[in-house]
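Since the model is a prediction, treat every value here as computed from it, not as a measurement. In this chain, numbering begins with 1 at the start of the sequence shown.
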Amino acid sequence: AMFAKTPLQTPMCGDRRLYLKTVGRSVGFSGLMQSARADLPATLDYLPESVGFVPRSLPDSGAIVRSIPEEIKEGRILVAPVFSLLGGNGRHEPLLLTLLERSGMPPRQLVEEMLCAPFARLWLEMSLRLGLILEAHAQDLMLMLTPNLTPLGRFLYRDFEGLQVDWELRRR
């Protein structure tokens, strides 16, 4: 099991083509994360982007392959993009409502304890100690949950295209 990021260019979604530089940067930053794995906070995991390719004859049509951690493949951990907290459709209510109902906590306390405080600690540690600045928007940052939807206090990050590196801090 794996995910593949493929190019897209539409009037509605914009230009999301994958050029050689984009693919190389993502795979390279995934390798950087792998080399820093021992130093990463215990509250962060990621989807490795260890393989990417760009056809010579279609330089804007690359692809990136993302591996899925075993605990997710085996169903021991569920992941939910942060946007699913507020999203929903006709058949499913937003995840935040389910989590509120199951926890019995007031909304502000749940959001503070499950999302805001843990993410702030994670982001500060990644940025100020490791020089790895996550572009953590609601599609690429995911909550890790038990199969019964109990938050684990851990996050999963995907898509190294948005990662920034403070090279000066890393050199020091």
Side-chain angles (χ1 to χ4, degrees), residues 1-8 12-13 16 18 22-23 26-27 29-52 63-127 129-130 132-164:
M2 56 87 177
F3 291 115
K5 179 178 180 178
T6 58
L8 177 67
M12 185 171 87
C13 296
R16 296 174 183 238
L18 297 174
T22 307
V23 172
S26 291
V27 172
F29 282 172
S30 180
L32 179 63
M33 290 287 282
Q34 181 63 36
S35 70
R37 192 176 251 322
D39 296 325
L40 293 179
T43 56
L44 178 69
D45 205 344
Y46 60 91
L47 297 179
E49 297 179 345
S50 51
V51 176
I64 298 170
V65 177
R66 294 185 182 126
S67 305
I68 303 171
E70 286 298 318
E71 61 188 357
I72 295 170
K73 286 193 283 192
E74 294 170 0
R76 292 181 281 136
I77 300 282
L78 299 178
V79 293
V82 171
F83 72 73
S84 68
L85 291 172
L86 300 177
N89 59 30
R91 297 178 312 199
H92 302 285
E93 64 183 14
L95 180 59
L96 182 60
L97 296 178
T98 302
L99 296 174
L100 283 167
E101 182 180 300
R102 290 182 182 195
S103 74
M105 297 170 79
R108 184 175 178 176
Q109 181 184 356
L110 178 75
V111 170
E112 175 68 25
E113 290 180 14
M114 175 190 67
L115 185 63
C116 296
F119 178 71
R121 284 190 293 275
L122 169 68
W123 194 88
L124 285 170
E125 186 171 353
M126 292 291 292
S127 299
R129 187 172 65 81
L130 299 175
L132 301 171
I133 304 159
L134 304 174
E135 179 188 53
H137 55 75
Q139 181 176 326
D140 290 346
L141 185 66
M142 298 182 222
L143 299 172
M144 298 180 86
L145 310 161
T146 66
N148 69 355
L149 301 182
T150 301
L152 293 169
R154 293 173 53 203
F155 296 95
L156 182 76
Y157 187 71
R158 71 170 196 109
D159 201 351
F160 291 110
E161 187 175 351
L163 181 75
Q164 298 298 317

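- To the nearest 0.5 Å, atoms CG (L130) and CE (M33) are separated by 8.5 Å.
- Evaluation of the side chain to side chain donor-acceptor pair (under 3.5 Å) test over residues 105-115, restricted to residues two or more places apart or in two chains, returns Q109-E113.
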Legend entry - Intermediate values then yes/no, side-chain contact (heavy atoms from CB on, under 4.5 Å), V27 and S30: CA-CA 5 Å; V27 172; S30 180; 5.6 Å; no
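- Nearest approach of G75 to P147, heavy atoms of both residues: O-CG, 3.3 Å.
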Legend entry - salt bridge (Lys or Arg N to Asp or Glu O under 4.0 Å) between E161 and K5, worked out: CA-CA 11 Å; E161 187 175 351; K5 179 178 180 178; 2.4 Å; yes
Legend entry - side-chain contact (heavy atoms from CB on, under 4.5 Å) between L96 and L110, worked out: CA-CA 9 Å; L96 182 60; L110 178 75; 3.9 Å; yes
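- A 6.0 Å sphere centred on CZ of R16 holds no more than 12 heavy atoms belonging to other residues, nucleotides or ligands.
- Closest non-hydrogen pair, T146 versus L78, comes out as O-CD1, 3.7 Å.
- Applying side chain to side chain contact (heavy atoms under 4.5 Å, CB included) to M114 and the options L152, L145, L85 leaves one that passes, L85.
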Legend entry - Candidate pair L156 and I77, rule side-chain contact (heavy atoms from CB on, under 4.5 Å), full reasoning: CA-CA 11 Å; L156 182 76; I77 300 282; over 6 Å; no
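- The structure places CH2 of W123 at 8.5 Å from CG of L134, a figure rounded to the nearest 0.5 Å.
- Of the inter-residue distances, the one linking R121 atom CZ with C116 atom SG reads 11.0 Å to the nearest 0.5 angstrom.
- Residue P41 comes nearest to L122 through the heavy atom pair CG-CD1, 3.6 Å, listed as atom of the first residue, atom of the second, then distance.
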Inset, instruction - Could you walk me through whether L47 and Y157 pass side-chain contact (heavy atoms from CB on, under 4.5 Å), step by step? - result: CA-CA 6 Å; L47 297 179; Y157 187 71; over 6 Å; no
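- Of all the heavy atoms in D159 and E49, the pair that sits closest is CA-OE2, 3.2 Å.
- Separating the CG atom in D39 from the CE atom in M126 is a distance of 10.0 Å, to the nearest 0.5 Å.
- Proximity of a side-chain donor or acceptor of S26 to a complementary backbone N or O of T22 within less than 3.5 Å is detected.
- Here the closest non-hydrogen pair linking R66 and M2 is O-CB, 3.2 Å.
- Contacts of R102 classified as salt bridge (charged side-chain N to carboxylate O under 4.0 Å, His left out), with partners at least two apart in sequence or in another chain: none.
- In this structure, M144 CE and I72 CD1 are separated by 5.0 Å, a value rounded to the nearest 0.5 Å.
- Heavy atoms only, all atoms of each residue included: A63 and L18 are closest at CA-CD1, 4.0 Å.
- Between F3 and V65 the shortest side-chain heavy-atom distance does not fall below 4.5 Å.
- Exactly one residue among M142, R37, R158 makes a side chain to side chain contact (heavy atoms under 4.5 Å, CB included) with Y46. That residue is R37.
- Within the 4.5 Å cutoff, no side-chain heavy atoms of P118 are placed close to those of T43.
- To the nearest 0.5 Å, atoms CZ (F83) and CG (L95) are separated by 11.0 Å.
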